[in-house]
*Asks:* 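Structure provided below as structure tokens; questions to follow.
A, B, ... follow the sequence lines: proteins, then strands. Residue 1 opens every chain.
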Amino acid sequence: MDYRDTLNLPSTKFKMKANLTQKEPMFLKRWEKQELYKKLQESMADKPSYILHDGPPYANGHIHLGTAFNKVLKDIILKSRRFAGFRSPYIPGWDCHGLPIEHNVDKELGEKKEKISKLGKRGACRKYAEKWIKTQKAEFKRLGVLGDWDQPYLTMNYGYEAAIAREFNRFLLSDSVVRSKKPVYWCSTCQTALAEAEVEYHDHTSASIYVKFPVKEDLGDVVAELSGRKVCAIIWTTTPWTLPANQAVAFHPQFVYAAVEVGDEVWILAEELVEKCFQEFGISDYKVLTTFKATGLENKKCSHPFLERDSLMVLANYVTAESGTGCVHTAPGHGADDYITGLRYGLEPLSPVDGKGMFTADAGKYEGRQVPKVNKDIIEDLRADGSLVQHNDISHSYPHCWRCKKPVMYRATEQWFVSMAKNELRDKALKAIENVKWTPSWGMQRIFGMVEGRPDWCLSRQRSWGVPITVLSCTDCGEVLKNEEVCKRIEDSFVKEGADAWFKYDAAHFAGDSVCSSCGCKEFVQEADILDVWFDSGVSFSAVCEEREELDSPADLYLEGSDQHRGWFQSSLLASVGTRERAPYKGVLTHGYVVDGKGKKMSKSVGNVVAPQEVIDKYGAEILRLWVSSEDYRDDVKVSDEILKHVSDAYRKMRNTIRFMLSNISDFNHETDSVSMDEMTGLDRWALARFAELNERVVKAYMDHEFHTVFHSFYYFCGTTMSSIYLDVLKDRLYASETNDAGRRAAQTVIRRILEGMLQLMAPILSFTTTEAWEYLHGLKEDAPVESSIFFSAFPNTDDISRVAEEDERWGQLLLLRSEITKVLETARRNKEIGLSLDAEVVLGVDDKLADFLSDKWDVLREICIVSALRSEDGLDDSNSVSAENVEGLRIAVRQAPGTKCERCWILSPSVGEDEDHPALCARCAGVVKRITAAV
RNA sequence: GGGCGUGUAGCUCAGUUGGUUAGAGCGCGUCCCUGAUAAGGACGAGGUCCCUGGUUCGAGUCCAGGCCCGCCCA
């Protein structure tokens, strides 16, 4: 007789092969049709809220793995908060204005861009942004991210544009907005000022020249040896074209300078650089006359080498002895340090270069020439009149435009700023930073340092695609009109027609019958510049969190990459502190960058870029989500084929564990078949205790945003606690017992409960798989109501599971004994003494302490070792047993188990053969089979 | 060049106030099983704790300097 049919073998239709790439779209479709997100929000309406405010990605191009990582992280947080009992709405957003989009639209327009109207260009930009929003939205949804995708926030929505104007006007009315000439990064190709965040550094070959600046005054009073000599300061620069704007030569107040005789001239340069410089000049015939401190040079005058102008000798701390001559060419209109020095000495930020990089009349003979081509002319002229000491080319790191990748320049222009000093914005912001919970904690240091040292916030951009700086200035005297009614009029028209209104109507439309407070004039001119896009996204707390009914401000959490300490976290902070006197967030969490398997950043040129679409196509979004959870995001996040393969392996283990658990409760009705806790075995209670422990740890990890702990705990639980221990041991009870056997039902009660909890614990991460398994667990059909979805449940409650420390300790000891025994079993297996562990009888030599411990546990130990027999024996020694490695007073021997192998349960037992009807079965199995046959 | 951060097995992560022989899981290798089967079980081999100094009876852990990588800035 074949006894296989009398066993309760596992059975399920839940597939071992996940087929994620095909199944995921199906679940997504269903969730969308069921309006899962919306229904979930409704169901949590009266619960406390947890507001995670989305930082808007830029609406240009496909999403990359970094954005995918960020969105999945947010999704995991929001889903886990929901499972923990919070209402956690998610309003995704997009950053829509700005240079990159305008630049791409310009490219698409080609020659037409010169003819198209501003409004026409803006319309094209809007369309362009819409296109990419649509694309990105689909890509984000594909990741399984739940949110209000039908009503995201867009910084180009009319209401949002009005909010931007409103917040700008608040700054304006509070006198925080100032206009001043200041050198800013300027791209002459894009013809716009660039924010610091908009320049990137690449290697660039520049001219490196040394130039004589003849000292006009006799320096005899400072250094006696120089009396009556022709003295020159030797400066070094890599930007010859800024020489027409030179206003000063800077010396370090602490450096020692040398006066070097070269022919009939005396050159001044830093003493420690003399040798190096003259080597470079190729001059060996020189003599150091004397050395001196430069402090005496302050406020003396040099002559400009080729313009009829003086150049002041000044002192500055940033002068370096690393390179150059220690005498620094200073052009306050073309450099940040230079500008500050200029302020100190009352020098003009001269900048004789227009927006296209063309010299103006102020540059004398170079008028009409183009930067940087003019370098060559200037160098030649210097050479011709003997001012040039040396000319080389050097390659160095130089700022480039983030968009067009061309070198940029520093150029002084009229710009609008939010002053960091007015209304104590800087101090208030620093204070606000201290009241925010930064994760990781060093985030506070980082942003604090940045805010502490940052310059005024340059708000203006000379472009078309953005929200205008809504300033009206008096035509006569230039005074800025600050009038609440006018502001309101602007805001209202933006609500109706968007920021386009500014370009549709003239100044009078907004100014009404306003009068200039300074000169009484009634004519006004509109500002043409638009706002920095960081201002757009920076006011999202106002445009979104304060406006949308389901949200709130300040938000509980902002969550972005660590680059946003300078970006969105900061612009949001300043926008909020400047208008609300508080931070827009209670907590800020940052994650590292996605890098390749070696920790190097991804770049197209290196060819190590991994696209989210590749991961989805090859493994499925679920694997991408699991990968997100597996990495500790506080550091950089690595990704590679190897890593994804391992994540995929982990997924298979998790899935198989779930499948096996499902397959063993296929005949279990938890309404009618459940067994109470006191009817369970110690092993069952141990498993429940481990589950309660898992629950506690995982929920805490979710609340602490430590998802890699969730991943590791769960993986260990699946692979070790369940798969290799509990479920493996349970097989005999589940398979060989009668269907309704109390012990079997107890095991099923435990399995079902743990399985349900496992699914709930992992649903925030494994959203697809837990949904699928949940449907099998509850026997749900495809058309089941949305409320039966796993997402409407909660994290498991394990309060009723008793956790006794001594009990855990006893089990720890039992498992230790088990591992000692399996080692010896393995030796026996290698010696071909046994195959299956059930072939073995384990004989232990135990000391008194162990004997006492084991007195009531012999059978449990046999069970968890999955051997046919286990007993103690006196007199074991080295000839017939081995001493346990990690347990004192224990000897272990493995022998062939006595008796015959039962054909049904495979346990070797002396009772096999005793039953006449079933001579191939052990007593237990014979009984079971008889009762089954009788029932039939 | 400056600021912030990071560095523990092939991979992902633990490692308490300094304290035995640095851990786990996976992967890898070998074996067993064929009643979880494109599964399951067992055992085993893997580490200069980035480097160099220092403090200490004792350092993965504390201190100093350096290197690598990342972000931000110049």
*Asks:* Work out how far the P atom of rG60(B) is from that of rU8(B), and round it to whole angstrom.
*Replies:*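 Pairwise P distance, rG60(B) against rU8(B), rounds to 15 Å.
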*Asks:* Taking the same atom, C1', in rC4(B) and in rG19(B), what whole-Å distance lies between them?
*Replies:*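 One C1' to the other, the span is 33 Å.
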*Asks:* Which nucleotide wins on minimum distance to the side chain of Y716(A), given the candidates rG10(B), rA24(B), rC71(B)?
*Replies:*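 The answer is rA24(B).
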*Asks:* What nucleotide among rU12(B), rA38(B), rG3(B) has an atom nearest to a side-chain atom of R446(A)?
*Replies:*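 Per side-chain heavy atoms of R446(A), the pick is rG3(B).
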*Asks:* On the side chain of R829(A), is there an atom forming a donor-acceptor pair with the base of rC43(B) - under 3.5 Å, no angle test?
*Replies:*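 Side chain to base: no pair present.
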*Asks:* Base, sugar-phosphate, or nothing: which does L7(A) touch, judged by heavy atoms less than 4.0 Å apart?
*Replies:*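 The answer is base, as L7(A) lies within the cut-off (heavy atoms under 4.0 Å) of a base atom.
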*Asks:* Under 4.0 Å between any heavy atoms, over every strand shown, what does E642(A) touch: base, sugar-phosphate, or nothing? Just pick one.
*Replies:*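 Sugar-phosphate: the residue E642(A), judged by heavy atoms under 4.0 Å, touches backbone atoms but no base.
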*Asks:* Out of rA36(B), rC72(B), rC4(B), which nucleotide sits closest to the side chain of K731(A)?
*Replies:*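 Side chain of K731(A) sits closest to rA36(B).
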*Asks:* So what does G835(A) touch, heavy atoms closer than 4.0 Å: a base, only the sugar-phosphate, or nothing?
*Replies:*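 Since only primed, P, OP1 and OP2 atoms lie under 4.0 Å of G835(A), the category is sugar-phosphate.
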*Asks:* Which protein N or O atoms sit under 3.5 Å from an N or O of nucleotides 26-30 of chain B?
*Replies:*
| from | atom 1 | to | atom 2 | distance (Å) |
| --- | --- | --- | --- | --- |
| rU30(B) | O2' | R830(A) | NH1 | 3.2 |
| rU30(B) | O2 | R830(A) | NH2 | 2.9 |

*Asks:* Any side-chain N or O of S630(A) below 4.0 angstrom from OP1/OP2 of rU12(B)?
*Replies:*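 Answer is no, no contact under 4.0 Å.
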*Asks:* Select one nucleotide: of rU12(B), rA42(B), rA36(B), the one nearest the side-chain heavy atoms of P10(A).
*Replies:*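 In terms of side-chain proximity for P10(A), the closest of rU12(B), rA42(B), rA36(B) is rA36(B).
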*Asks:* Tell me the partner of rU6(B), counting only Watson-Crick (N1-N3 plus N6-O4 or O6-N4) or G-U wobble (N1-O2 and O6-N3) with both under 3.5 Å; none if nothing fits.
*Replies:*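 Pair assignment: rU6(B) / none.
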*Asks:* Separation of D636(A) atom CG from rC68(B) atom C1', in whole Å?
*Replies:*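 Answer to the nearest Å: 13 Å.
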*Asks:* Of all the heavy-atom pairs spanning H334(A) and R411(A), show the shortest one and how long it is.
*Replies:*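 Where H334(A) meets R411(A) most closely, the heavy atoms are ND1-CA, 4.0 Å.
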*Asks:* On RNA chain B, check which nucleotide each of S819(A) and M16(A) is closest to and give me the residue with the more 5' one.
*Replies:*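 Taking each residue's closest nucleotide, the earlier one in sequence belongs to M16(A).
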*Asks:* Do R904(A)'s NZ or CZ and the ring of Y735(A) fall within the cation-pi criteria of under 6.0 Å and 45°?
*Replies:*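 No, R904(A) does not sit over the ring of Y735(A).
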*Asks:* For nucleotides rU37(B) and rG29(B), find the distance between their P atoms and express it as a whole number of Å.
*Replies:*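 Going atom to atom, P in each nucleotide, I get 23 Å.
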*Asks:* Picking from rG5(B), rC71(B), rA36(B), which would you name as closest to the side chain of R659(A)?
*Replies:*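 That would be rA36(B).
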*Asks:* Please determine whether a side-chain nitrogen or oxygen atom of K601(A) lies at a distance below 4.0 Å from atom OP1 or OP2 of rC69(B).
*Replies:*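 No.
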*Asks:* Give S562(A) one of three labels, base, sugar-phosphate or nothing, depending on what nucleic acid heavy atoms sit under 4.0 Å from its own.
*Replies:*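 Touches sugar-phosphate only.
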*Asks:* Decide, applying a 5.5 Å centre-distance limit and a 30° plane-angle limit (both strict), whether F660(A) stacks on rA39(B).
*Replies:*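 F660(A) vs rA39(B): stacking no.
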*Asks:* Between rA9(B) and rA22(B), how far apart are the two C1' atoms, rounded to whole Å?
*Replies:*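 To the nearest whole Å, 11 Å.
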*Asks:* Kindly point out which of rG70(B), rU12(B), rC72(B) is positioned nearest to the side chain of V595(A)?
*Replies:*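 Of all the options, the side chain of V595(A) is nearest to rG70(B).
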*Asks:* Is any side-chain N of the basic residue among E826(A) and R830(A) closer than 4.0 Å to the acidic one's carboxylate O?
*Replies:*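 A salt bridge links E826(A) with R830(A).
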*Asks:* Pick the C1' atom in rC62(B) and in rU17(B), then give their distance to the nearest Å.
*Replies:*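 That atom pair is separated by 12 Å.
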*Asks:* Looking at rA14(B), which nucleotide sits across from it as a Watson-Crick or G-U wobble partner, both distances under 3.5 angstrom, or is there none?
*Replies:*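 Checking every strand shown, rA14(B) finds no partner, since no pair has both distances under 3.5 Å.
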*Asks:* W906(A) side chain: which of rG35(B), rG5(B), rC73(B) is closest?
*Replies:*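 Of the options given, the side chain of W906(A) lies nearest rG35(B).
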*Asks:* Within the 4.0 Å heavy-atom criterion, would you say G599(A) contacts the bases, only the backbone, or no part of the nucleic acid?
*Replies:*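 G599(A): backbone/sugar contact only, no base atoms under 4.0 Å.
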*Asks:* So for K823(A) and rA42(B), does any side-chain atom that can act as donor or acceptor lie under 3.5 Å from a complementary atom in the base?
*Replies:*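 No pair found.
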*Asks:* Can we say K645(A) and D649(A) salt-bridge, meaning some charged N sits less than 4.0 Å from an Asp/Glu carboxylate O?
*Replies:*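 A salt bridge is present here (some side-chain N lies under 4.0 Å from a carboxylate O).
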*Asks:* Calculate the interatomic distance between I834(A) atom CD1 and rG41(B) atom C1'; express it in whole Å.
*Replies:*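 The answer, rounded to whole Å, is 12 Å.
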*Asks:* Using atom NZ of K15(A) as one end and atom P of rA36(B) as the other, report the distance to the nearest whole Å.
*Replies:*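 Distance, rounded to whole Å: 19 Å.
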*Asks:* Would you say the side chain of T657(A) and the base of rA36(B) hold a donor-acceptor pair, judged only by whether the two atoms sit under 3.5 Å apart?
*Replies:*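 Checked by distance alone, the answer is no.
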*Asks:* Under 4.0 Å between any heavy atoms, over every strand shown, what does N656(A) touch: base, sugar-phosphate, or nothing? Just pick one.
*Replies:*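 Result for N656(A) = base.
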*Asks:* As a test of reading the structure: which of rC43(B), rC33(B), rU12(B) is closest to the side chain of L836(A), going by heavy atoms?
*Replies:*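 Among rC43(B), rC33(B), rU12(B), the one nearest the side chain of L836(A) is rC33(B).
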*Asks:* Between P on rG40(B) and CE on M654(A), what's the gap in Å once rounded to a whole number?
*Replies:*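 Nearest whole value for this atom pair: 13 Å.
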*Asks:* What is the separation between atom CG on D728(A) and atom C1' on rG41(B), rounded to the nearest whole Å?
*Replies:*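 The answer, rounded to whole Å, is 6 Å.
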*Asks:* Would you call D2(A) and R4(A) a salt bridge, using N to O less than 4.0 angstrom?
*Replies:*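 Here D2(A) does not pair with R4(A) in a salt bridge, since their nearest N and O are not under 4.0 Å apart.
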